[in-house]
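Heavy atoms only: backbone and side chains are in, while hydrogens, waters and symmetry mates are out.
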Amino acid sequence: MEKGQDNKVQGKIHLFFAVLAMFLLVVSLLLTSVQIAVYGDAKYRFYEKEYVKYNVTEPLGMELSDVMAVTDYMMEYLIGRKDKLSIETDVDGRRQDFFNEQDRIHMEDVRKLFLGGLKLRTALFFASLLLIGMLAVKKADVPRLLPVAYKTAMAVLAAAFAFLGISFYIDFTKCFTIFHEIFFTNDLWIFDETTDYMIRMLPEGFFSDMAIRIAAVFAVSLALLGGAVWLVRTAAGRRPFGGIVRLRSKNQR
């Protein structure tokens, strides 16, 4: 009886760590999805389409090619390949630096947040692998645990994304504001369209479309993760997301 109880407790502990590993992996996939959505197109065609869609060249008084040159420089800065956010271009009828001091201070905060997110992504990914490896060493039934952990993570994610989706649909501006208030300790993210060129280049609609793009990439990554879990379970001789398959030879009865 005691042995049976011990096995149940051990099974619950194994399940807890499997679910934790899956959540860490899912968060790392979310952060990776952000990177792919933001940098997945080497030519930044998504950005170009957005600029045309929202007609940003007119309020900027710029050619689209110049806007794309500024974008390329800004993205190089964000990923850490440029030291200073400063580029001269033809904007608003004269040759000048596209970015002002507020832009530089805010984008420095954005860069720290973005690069910090990428480091966190890597740490979470390896932590997830470490937990799964630990379960394997402890001789836990990993092929059985992973589908349960995946379904648990998907259930929680579905509820969270349903809430966020409805919230953003009802009032994107308010949610966008709350996001900035959580991740930034100052109000330098609040721009004035009459004096700040960057907010003219990146209107609110751009960020709304980017959020949808990130969600789409994340959905694909979750589907691929589900496929990987299915393969692990199938390779172990089990029904995907179901019970154990007991293989019998033709001579067995």
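Take Val34 and apply the side-chain contact (heavy atoms from CB on, under 4.5 Å) test, not counting sequence neighbours, and it matches Val38, Phe114, Ile214. In this view, Ala215 satisfies the side-chain contact (heavy atoms from CB on, under 4.5 Å) rule with no residue, not counting sequence neighbours. For the ring pair (Phe, Tyr, Trp, His ring centres under 6.0 Å) test, residues two or more places apart in sequence or in another chain that qualify with Phe179 are Phe183. Under the side-chain contact (heavy atoms from CB on, under 4.5 Å) criterion, Tyr54 pairs with Glu50, Val56, Pro203, Asp209, sequence neighbours left out. Contacts of Lys84 classified as side-chain contact (heavy atoms from CB on, under 4.5 Å), with partners at least two apart in sequence or in another chain: Ser86, Arg104.
More than 12 non-hydrogen atoms from other residues, nucleotides or ligands lie less than 6.0 angstrom from CD of Glu204. The number of heavy-atom neighbours closer than 6.0 Å to CZ of Arg94, taken from other residues, nucleotides and ligands shown, is 12 or below. The neighbour count for Asn55 CG, taken as heavy atoms of other residues, nucleotides or ligands under 6.0 Å away, is above 12.
For Arg200 against Pro59, the heavy-atom pair with the smallest separation is NH1-O, 2.9 Å.
Note on ring orientation: taking the six-membered ring where Trp is involved, the planes of Phe168 and Phe172 are tilted (angle from 30° to 60°).
Between the side chain of Tyr39 and the backbone N or O of Ile79 there is at least one donor-acceptor pair closer than 3.5 Å. A side-chain donor-acceptor contact under 3.5 Å links Asp196 to the backbone of Asp192.
Salt bridge absent: Glu108 and Arg111 never bring a charged side-chain N and a carboxylate O closer than 4.0 Å.
Here the rule is side-chain contact (heavy atoms from CB on, under 4.5 Å) with Phe218, and of Leu30, Ile36, Thr32, Leu31 only Leu30 fits it.
Asp109 places none of its side-chain heavy atoms less than 4.5 Å from the side chain of Thr185.
Residue pairs meeting the ring pair (Phe, Tyr, Trp, His ring centres under 6.0 Å) criterion with at least one partner in residues 67-100, sequence neighbours excluded, are Phe98-Tyr197.
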